[in-house]
Each structure stands twice: as C-alpha cells, then as structure tokens.
Amino acid sequence: MNTSLSCDIAIIGGSLGGVAAALAACDNGASVILTEATDWLGGQATSQGVSALDEHQYIETFGATCRYAAFREAIRDHYRRRYGVTAMPDGSPLNPGDGWVSALCFEPRVGVAVIETMLAPHIAGRRLTVLYNHIPVSAVVQDDTISSVTMMSANGSVTITARFFLDATDLGDLLPLAGAPWVTGAESCDDTGEADAPEEARPGEVQGFTFCFAVEHCPGEDHTIPKPAGYERLRDAQPFTLTLTGSDGSPRPFRVFETGPTGLPPFWTYRRLLSGRLFDPSGVLRDIAMINWNANDYHHADLIGATPEERGRILDEAKRLSLSFLHWLQTEVPRDDGSGCGYPGLRLLPDVMGTVDGLSKAPYIRESRRIRALRRVTAGDILAAGRTTARAVHFPDSCGVGWYFMDLHPAVGNPRSMFAPTLPFQIPLGALIPQRPANLLAACKNIGTTHLSNGAYRLHPVEWNIGEAAGALAAFCLEHSVQPREVWGGALLRFFQRHLLEQGVPLEWTVDVPPGHPHFIPTQLLLLAGALDGNGPRAASLAIAPDQPVDRADAPAVLRALLRIAGLSTEPVIDPALHHQPLSRAETGATLALIGGEADCLSDPPTWGELCTAMRPLL
C-alpha cells in the first residue's frame, strides 16, 4: 500500500542532526515530516549507543547552540528528579555516568525520552509528523528540484512531497537517490591539498563503524555468552587488547576496573553511562558501562559501497565482532589482580540498547557519503599545527561553531588512526549546500568536509549544530521564497546569520560572551565582519574581554568591521600619533559618525562592550 504526505520540509533521517533540524524548522513555523530507519530518534546519541557525548572543554558555557544546551540540561534534569542528586561531589555539573571521556554520559533511553519531549509540542500542534522504521528508496527530481521522496516500511510505502528536503541519514542515503554529487573515503592530496591525504583517491577508505553494547558487572556470577562464530579469527585480527597505541607510538595500557600501570584511568569508566555509587552510595545500584573501544571497531568492509546482500553479511560480522569482544572480556582479558583471565560476571544488558541481542539498534557510523558542496572544509582549515591564532580559518558564511580533535579511526584498507589537535572552528554554510539539487540540504555528517576534516565535524554538538542550521535555513528560504544557494551567495546571508544568532546559535568563538550576554549579537557580528583580522590580544584568545579597551593592534580591523556592518567600504580614520595606546574615543566616534552610531556612551578609551552598545542602533 502506498500513501502520500506533503509538508514544507521533509527531513530524511532521524539522526541527531535530523532531530535538531526538525526542532529548528518547526520553531520557525514550517510543517515538517521527519523519518527514521529505527524506532528511536537521535542517531549517535541513542540508537547507535554512543550516549557519552564527545564534546570540548567549553561545552558547559559556550560552543554549542541553545537548543543543544537545552537537550543536555533536560538529560541532567531527568537524573536529578529520579535520584535526587543535583551535581557531582566536587560541585561540577551532573554527569550520570561519571565517565572520563565525556562531561555527560547517560542511558540511551533517557536521550530518546528527552528528544520525544522536545518534539512533542510540534507533534501536538500538527507541525511535525514522525515516520519510524522508514527508509528512503527512490526520489523524483525535475529541473534541479526534488519533487518527492518515497519511503519504505514493513507496512508499505509513503511518498512525501515537500518544498525542501534534508538528508539527515547517517550514510547519506538520500544523496544517490536525488542525483546529488557526492564522494566517499579518502580524497587525494592533489585534490584537497592535505598533507595527510593519500597520493591517489581511495573511495573505499571509510572509517570503521561500531555496534556498541552495555554491560554491568555482577561479581561471583557467570553471565558468559556463547562463543560467537568466528571468534578466534575476529579476536586475532583486531586484535583484542586493552593496550592502545599513543600518537607517538608508545603503548597506553589500561586495566579493566583499576588505574593502569602508567596511571591511565580504568577501561570500565571510559564510557560508563550510569555510576551506581554516585546515585546510591550503598552499592546496590550497579554501574552500566557502554563498550565502544578500538577492539570492536569494524573496519574490514565498506557499508556504503556494498550491495544489499553484502551489507547484510558485513553487519552480521560486525555484530559478531562486538559480541566476540564481550566474550573475550568475560573469558580472556587479564584480570587486574593477576589472578587469571576473564570477568564472567560481566552481564550484557539488552534493555539498555532496546534490542534483543543487546547491541545498539544501529551501528555507530563515523563517516558518510559527503556532498560536493558550495564550500568544502579541509584539514588545513582547522588543524592547530603551524598556527599562532586562537581560532581556525575564518569562514564569513559561518552557521555555527565546533571543536574536537581530528579523530580518525582505522578505515577500510588503512589501519592508521589519527587524533590531531585542531583549533576551535566554524561550520561554513556553504558546506551544507550541495551543487545540486537546488532544494536539498545536508543535515548531519554528510556535509562538504573531506575524509580527514570529517573526523572533527562528525561529533555530537557539531552534528546537532549542522542539523539545526539546515532546518533553520530551509525555513528561512520558505519565508523569503529563495533557494539556499541564493542565501549563501547574496545579501540575505547577513540576515540569516542574524536570525541564527537570535535563536542562540553562536557563529564565532567568544567564550566569555555567550548567548544571552547583552553583547552577544553585536560581538558576533563584529567578528563575522572581520574584527579579529588584526594581530592584537583578542585575535590570540578565545575570550573577548568586553570590559577592556580595544587594543591598538586590533583597532583598524575592528573599525573596518563596523563600517562593513553598515555596508560601507570606507577606510576608518586612525590617528598615527596614538600608536602606543588603545583605540581612542575620538577615533571610534569618527567611525560611528559615518554610520549613525551613538558615541555618547563611550569612555576614553572605550571598552569593547561600550562599542557594542554604541553600534546597537545599526542592528
């Protein structure tokens, strides 16, 4: 049976980016259909089992959208209400799992419940329809425009017509159906200019994926699972070990429950989702640990390039790999006290992942098809090596921010891993817009990155920001009757960026001027206009110091930014006699006079915050 549905915006894929896109689009008045291949929304944070969020050091106060912050806060609030614990023992924000990889580790079902609660008002208001257990199977494209996409489920098919379509699937499944140009795997160094790219392109060199699982430890009990088929081969091929290799090639040995011999924290607490003693000091409540380790990363075949029959075989072997690692932990891992091997008390917890076999509903996907976009992000744009600035390459078309190491796991045909430092970066709007079709947007890890730079853009808060920006852009295009590429390449870009800022989406790194700060929007607009093109202290720091004067080294760039915001290309008047002093009131006032700003609030020298106040009439 085939049915038909229509909406303003169809979001194909209920990934973390897809959820964020739906929230943004609905909040901006659009009607939305959101589809999902499983029965859980949330992608890597829920159905893929990685509910230990991969984030950065500023995440509690800056570096994510307000909607993502609300998602995090709602998760914490669930545990506060359930257990009565409001913070960590040291006073830091509550981390239910107290895992050392993340500031927020939680059970996947809690993430699902929070997402459903966030979406509920839109479903009740008939702005949002969610189709679970649906996958895209075909699309109709005419004159560079997608007119419909057909979804398939066990109960039949649904054909969706919409004005805009967003691909938020974790493998970019809509791209080939819609005729959008895309790439996979590793590009060549001649193509990208990346020093770590191979000499020739390797389309099949896609990062490994993982079936995560959750366990508890029941000392004195035996919960050993049957030995999976192919166990010895899988064990030896990985190989199974708790000793990782550092970036310098040195061994990094971990123990299961105790601190390792070189001081490394326990394997058990790496991605622990629930810390029993945090909520129940008596010890009755047991820990829940999620296992996502190098040993159960599957990098022996490429899902994207596989036929349906091959994909079934690959997924089956990947599941057996994860179950084999569990069996090894139960039977062969060296015990911390040296008394033997294995912890048979490790008990698989199917209910945590919502599955019969105990593995995540979907594999944790690290790398997707990637659109050939209007703007591509390369490793050189974000790597910290060789840079003296505090931020990565500046993208004037920014639609968000992110920060994570360029983290690449072993890929098909390439056992090398990478964990290279980056600088806090932006998400360029052009990376979300494919060369064609005109009404398609990328909304998760399928944006215009390279194989290498994807390693930094694929993590939780960045994917959420990508989806949120895509949903907001589609709604903005509906309101203004334009296509995304017209926003990116025209006068509407500044208006769209202002629209994002008003919704709490940072576009520049200003860690001491977050959303909600009185100077947030003017500060963001100044930086977008190039206020940090100088070589002063603000260019060398992520902090803006709004109560401090503008340094002389930054003064020309700051005043030029003011003029650009007003649409002028006039050069500011700089007094050479003041070259050892901060930006003066007179110089600032002269520029403000050209653009109709108010100088009455300025001290001498004026602070950054006073400058923001003075430019408010322009906004």
### Query
Taking S47 for the side chain and A362 for the main chain, is one N or O donor matched with an acceptor at less than 3.5 Å?
no
### Message
Less than 4.5 Å apart, side chain to side chain, heavy atoms only: is that true for L429 and Q497?
### Response
no
### Query
Who are the salt bridge (Lys or Arg N to Asp or Glu O under 4.0 Å) partners of R391, not counting sequence neighbours?
none
### Task
Fit a plane to each ring of Y68 and F71, take the angle between them on a 0 to 90° scale, and name the class: parallel (under 30°), tilted (30 to 60°) or perpendicular (over 60°).
tilted
### Message
Has Q44 got a side-chain atom pairing as donor or acceptor with V50's backbone, closer than 3.5 angstrom?
### Response
no
### Task
Look at atom CZ of F495 and say whether more than 12 heavy atoms of other residues, nucleotides or ligands are closer to it than 6.0 Å.
no
### Task
Could I get the full list of side-chain contact (heavy atoms from CB on, under 4.5 Å) partners for V140, not counting sequence neighbours?
Q142, S147, S148
### Query
Are side-chain heavy atoms of I160 and C7 found at a separation under 4.5 Å?
yes
#### Entry: T210 side chain to C212 backbone, donor-acceptor under 3.5 Å
no
### Task
For A301, check side-chain contact (heavy atoms from CB on, under 4.5 Å) against everything at least two apart and list the hits.
Y298, I314
### Task
With the side chain counted from C-beta on, respond yes when L315 and P363 share a heavy-atom pair under 4.5 Å apart, and no when they do not.
yes
### Message
Can you give me the closest heavy-atom contact between N2 and T159, atom names plus distance?
### Response
ND2-OG1, 3.3 Å
### Query
Got a sec, which residues hit salt bridge (Lys or Arg N to Asp or Glu O under 4.0 Å) with D397, two or more places apart in sequence or on another chain?
R375
### Query
Please, which pairs that meet side-chain hydrogen bond (donor to acceptor under 3.5 Å, both in side chains) have at least one residue in residues 414-425, sequence neighbours excluded?
E205-N414, W403-T422
### Task
Would you check if P514 and P506 make a side-chain contact, meaning some heavy-atom pair closer than 4.5 Å?
no
### Message
Suppose the criterion is ring pair (Phe, Tyr, Trp, His ring centres under 6.0 Å): which pairs have a residue in residues 143-200, not counting sequence neighbours?
### Response
none
### Query
Which pair of heavy atoms, one from L507 and one from S398, lies closest together, and at what distance?
O-OG, 2.7 Å
### Query
Regarding Q207 and H451, is there a side-chain donor-to-acceptor distance under 3.5 Å anywhere?
no
### Polar side-chain atom of E194 near backbone of A379 as donor-acceptor pair, under 3.5 Å
yes
## Note on the structure
Applying salt bridge (Lys or Arg N to Asp or Glu O under 4.0 Å) to R311 and not counting sequence neighbours gives none
### Message
Just so I know, are the side chains of V482 and C477 near enough to count as touching, which here means a heavy-atom distance under 4.5 Å?
### Response
yes
### Within-4.5 Å side-chain heavy-atom neighbours: V377 and P428
yes
### Message
Testing D407, D54, T449, D170 one by one against R458 for a side chain to side chain donor-acceptor pair (under 3.5 Å), which residue passes?
### Response
D407
### Message
Using the salt bridge (Lys or Arg N to Asp or Glu O under 4.0 Å) criterion, which residues pair with E36? Sequence neighbours excluded.
### Response
none
## Note on the structure
Residue set satisfying side chain to side chain donor-acceptor pair (under 3.5 Å) with T510, at least two apart, ordered chain then number -> Q524
### Query
Do the side chains of E508 and L532 get nearer than 4.5 Å, heavy atoms only?
no
## Note on the structure
Across all chains, not counting sequence neighbours, the side-chain contact (heavy atoms from CB on, under 4.5 Å) partners of L177 are P136, A139, L174
### Message
Tell me whether D167 is salt-bridged to R369, with the criterion being a basic N under 4.0 Å from an acidic carboxylate O.
### Response
no
### Message
Check this for me: does any side-chain nitrogen of one of R560 and D533 sit under 4.0 Å from a carboxylate oxygen of the other?
### Response
no
#### Entry: Salt-bridge contact E367-K445 (side-chain N to carboxylate O under 4.0 Å)
no
### Message
Could you go through Q503 and N28, starting from their C-alpha distance and side-chain angles, then the distance that decides it, and tell me whether this counts as side-chain hydrogen bond (donor to acceptor under 3.5 Å, both in side chains)?
### Response
CA-CA 10 Å; Q503 297 189 44; N28 284 283; 2.9 Å; yes
### Query
Does anything in residues 428-439 pair up under side-chain hydrogen bond (donor to acceptor under 3.5 Å, both in side chains), and if so which pairs, sequence neighbours excluded?
none
### Task
Check for a donor-acceptor pair, side chain of K361 on one end and backbone N or O of G354 on the other, with a separation under 3.5 Å.
yes
### Query
A22 and L128: which non-hydrogen atoms are nearest, and at how many Å?
CB-CD1, 4.4 Å
#### Entry: Side-chain donor-acceptor contact under 3.5 Å, N465 with T65
no
### Query
Is any side-chain heavy atom of T46 closer than 4.5 Å to a side-chain heavy atom of T38?
no
### Message
Tell me whether D143 at atom CG has more than 12 heavy atoms from other residues, nucleotides or ligands lying less than 6.0 Å away.
### Response
no
### Task
Return yes if some donor-acceptor pair links the side-chain N/O of R494 with the main-chain N/O of I565 below 3.5 Å, else return no.
yes
### Check: H122 side chain, A120 main-chain N or O, donor-acceptor pair, under 3.5 Å
no
### Task
Check whether any side-chain N or O of S15 sits under 3.5 Å from a backbone N or O of A168 as a donor-acceptor pair, and report yes or no.
yes
### Message
Does R366 form a side chain to side chain contact (heavy atoms under 4.5 Å, CB included) with D297? I'd like the steps, not just the answer.
### Response
CA-CA 10 Å; R366 297 183 177 89; D297 279 358; 3.0 Å; yes
### Task
Step through it carefully: locate the ring centre of W488, locate the ring centre of F496, and say whether they are under 6.0 Å apart.
no
### Task
For residues 423-449, pull every pair meeting ring pair (Phe, Tyr, Trp, His ring centres under 6.0 Å), keeping only residues two or more places apart or in separate chains.
F425-Y457
### Message
Less than 4.0 angstrom from a charged side-chain N to a carboxylate O is my criterion; do R313 and E309 meet it?
### Response
no
